[in-house]
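For reference, the structure is listed below as C-alpha cells.
Position 1 is the first residue of the sequence; numbering continues from there.
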Amino acid sequence: MKNKTFLSPFIKRFLLEYLISEKNLSRNTQHSYRDTIRLCVAFIAIKDHLSVDQLTIEDVSPEIVKKFLSDLESVRHCSIATRNQRLAAIHMLAQFIGSNSPEYLEWCRQIQMIPFKKTKKRLITYLDKSEMNGLLNAPDKNTFQGNRDYALLLFLYNTGARADEAAQLTIADLNIAHAQKRDLSTVLIRGKGNRLRRCPLWSQTVNVLTPLIQNRSQPEHVFLNRCKQPLTRFGIHSLVKRYVKKITIQYPSIEKKQVSPHTIRHTTATHLLQAGVDINTIRAWLGHVSINTTNVYVEVDLEMKAKALACCEVIENKKKSKPWREDKNLMSFLDSL
C-alpha cells in the first residue's frame with residue numbers, strides 16, 4: 001500500500017518559509033496566497049468528505065482544482081482576473097512541492113498545465129484635471145479631519161502611491177527640506193515586494209503635511225483616524241469613495257467611473273504623460289519593475305493619440321506640375337547646353 005503524503009506540512013513550509021524567506025513577498029501577497037489555499041483546501045475537503053488535516057497531495061487532483069476554479073466563478077461570482085490570481089497561487093504551491101519532492105514532479109506538471117483564462121483588456125480609468133481638482137476641493141478645510149483628508153488626497157495625487165503604501169507611510173519616511181525654495185522635499189515609499197522608491201513632493205503637499213506631523217515622533221504613521229490609529233487601506237478606499245459621491249452632482253461624468261485610490265494613481269501617471277514627462281520617469285515614479293506595465297498609460301489618452309495622428313496626416317499636394325515641354329526653366333536650361 002502506497003504511503004500517504006499529507007498536504008499540511010507542505011502548506012506550512014510554503015507559507016511560513018518559502019514565501020517569506022525565499023521569495024520575500026509582501027504581506028499583502030502572502031495573505032492573498034494564504035486565502036487561496038484556505039479556500040481551495042476547504043473546497044476539496046467538502047467534496048471528498050474529509051477533514052482538512054487528512055488531505056493528501058493526491059487529493060489535490062487537476063480535476064478537483066478545475067472544479068474549484070469553476071466554483072469561484074459560478075458560486076462566489078469572482079471575476080476571471082481573480083480566478084487567474086487564485087490559479088497562480090496554486091501553480092506556485094505545486095512548483096514548491098515538486099521541487100522538494102521529486103516523486104511529485106508529474107503531479108506538479110499536471111497542475112501547472114491548468115491554463116489561465118483569457119481576460120478582456122480594460123481601458124484604464126483616470127480623472128480629468130477638472131475632476132481631480134474637484135475631488136481635492138471636496139474636503140472641508142475648516143476642520144482638522146477635512147485638512148487630513150485633503151492632505152491624503154493630495155499626497156495620493158502627488159506621488160501616485162497605492163492605498164497600502166499611503167497607509168504604511170511613517171513620519172520617518174518624509175524628508176522635508178528646511179529651505180523649500182532651494183532644496184527638494186521627498187518621500188520614501190515602500191512598494192510591492194518591499195521595493196523602495198523616492199518621490200519628490202510638491203511644496204503644496206509639504207505645506208499640508210507639515211501640520212499633520214508637527215510634534216509627533218518619527219515611527220508614527222502619517223495618516224491617522226479619529227481614534228489616533230493608523231488609517232488602513234480600506235479606510236482610505238472608503239474616504240475616496242465618500243468624496244467622489246460628494247462631487248457627483250457637480251461633476252456628472254465622474255459617476256460613470258469606478259473611482260478608487262488606484263484611480264488617482266492612474267490619474268497621476270496620465271497627467272504626467274500629458275505634461276510631457278517621459279515614460280521611464282513615470283515608471284520610476286510609480287515604482288513599476290517593467291516598462292511594459294507603464295506603457296499601458298500611453299494607450300489611455302485619446303487626445304494624445306489624436307495629436308500623434310495629426311502629425312502623421314498626409315496633406316494632398318494640389319499643385320499640378322506642368323508638362324516638361326511647357327516648363328520654361330527646363331527648356332532654357334536645355335538650350336544652354
Side-chain angles (χ1 to χ4, degrees), residues 15 18-36 81-82 84-85 88-89 92 122 124-127 132 151-176 184-202 205-206 209 212-213 218-224 230-240 259-273 275 277-298 300:
L15 293 176
Y18 182 69
L19 296 184
I20 299 175
S21 302
E22 296 187 36
K23 298 293 289 184
N24 193 30
L25 298 181
S26 67
R27 291 288 295 172
N28 288 337
T29 307
Q30 293 173 33
H31 291 164
S32 175
Y33 281 31
R34 177 204 63 193
D35 294 342
T36 298
T82 302
N84 288 343
Q85 185 182 36
M92 185 174 285
R122 293 182 178 180
I124 289 174
T125 301
Y126 69 96
L127 302 180
M132 190 64 228
L152 175 58
L153 292 172
L154 187 61
F155 177 81
L156 291 174
Y157 181 45
N158 180 164
T159 61
R162 301 175 179 91
D164 187 60
E165 293 169 349
Q168 298 301 320
L169 185 72
T170 64
I171 297 174
D173 296 327
L174 296 172
N175 180 25
I176 306 298
L184 182 68
S185 297
T186 60
V187 60
L188 182 67
I189 298 177
R190 290 171 176 80
K192 285 185 175 181
N194 295 321
R195 290 185 292 271
L196 302 178
R197 69 182 188 275
R198 283 207 172 271
C199 185
L201 292 175
W202 302 327
T205 309
V206 173
L209 285 175
L212 286 182
I213 64 175
Q218 294 287 304
E220 287 187 61
H221 287 77
V222 174
F223 301 109
L224 305 177
L231 272 177
T232 64
R233 59 192 177 104
F234 303 106
I236 295 175
H237 191 279
S238 298
L239 182 149
V240 172
V259 182
S260 67
H262 219 75
T263 308
I264 301 177
R265 177 175 167 85
H266 295 326
T267 302
T268 302
T270 306
H271 290 181
L272 286 171
L273 194 64
V277 179
D278 69 275
I279 197 73
N280 209 37
T281 301
I282 297 174
R283 180 197 64 79
W285 197 297
L286 299 182
H288 289 158
V289 176
S290 171
I291 193 69
N292 293 330
T293 308
T294 318
N295 279 336
V296 296
Y297 295 108
V298 180
V300 301

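Put simply, CZ on Arg34 and OG1 on Thr29 are 12.0 Å apart, with the number rounded to the nearest 0.5 Å. Going from atom CG of Leu152 over to atom CD1 of Ile264 covers 8.0 Å, rounded to the nearest 0.5 Å. The line from CG of Leu156 to CZ of Phe223 is 7.0 Å long, rounded to the nearest 0.5 Å. Going from atom CG of Leu25 over to atom CE of Met92 covers 6.0 Å, rounded to the nearest 0.5 Å. Here OG1 of Thr268 is found 12.5 Å from CG of Leu273. Values are rounded to the nearest 0.5 Å. Interatomic distance, CG of Leu174 versus CG of Leu169, reported as 5.0 Å (0.5 Å rounding).
Residues Val187 and Phe155 are in side-chain contact: their nearest non-hydrogen atoms beyond the backbone lie under 4.5 Å apart. The shortest side-chain heavy-atom distance between Trp202 and Leu154 falls under the 4.5 Å cut-off. Considering only heavy atoms from C-beta on, His271 stays 4.5 Å or farther from Val277 through its side chain. Residues Gln168 and Arg27 fail the side-chain proximity criterion, which asks for heavy atoms closer than 4.5 Å. Side-chain contact check for Thr159 versus Leu201: some heavy-atom pair is nearer than 4.5 Å. The shortest side-chain heavy-atom distance between Asp173 and Ile189 does not fall under the 4.5 Å cut-off. A heavy-atom distance below 4.5 Å is found between the side chains of Ile213 and Val222. Considering only heavy atoms from C-beta on, Pro219 stays 4.5 Å or farther from Thr170 through its side chain.
The minimum heavy-atom distance between Glu165 and Arg190, with the atom names listed, is CG-O, 3.3 Å. Counting all heavy atoms, side chain and backbone alike, Trp285 lies closest to Asn158 at NE1-O, 3.2 Å. Considering every non-hydrogen atom in both Arg162 and His262, the closest pair reads CG-CE1, 4.1 Å. Among all heavy-atom pairs drawn from Thr267 and Met132, the shortest one is CG2-SD, 4.1 Å. When every heavy atom of Leu209 is checked against every heavy atom of Ala151, the shortest pair comes out as CD2-CB, 4.3 Å. The minimum heavy-atom distance between Arg198 and Asn175, with the atom names listed, is NH1-CB, 4.4 Å.
Panel note: side chain Glu220, backbone Ile171; no donor-acceptor pair is recorded below 3.5 Å. A distance-only check finds a donor-acceptor pair linking the side chain of Thr36 to the backbone of Ser32 [under 3.5 Å].
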Between side-chain atoms of residues 230-238 and protein atoms elsewhere (two or more places apart, or another chain), which donor-acceptor pairs fall under 3.5 Å?
from, atom 1, to, atom 2, distance (Å)
Thr232, OG1, Phe234, N, 3.4
Thr232, OG1, Gly235, N, 3.0
Ser238, OG, Phe234, O, 3.1

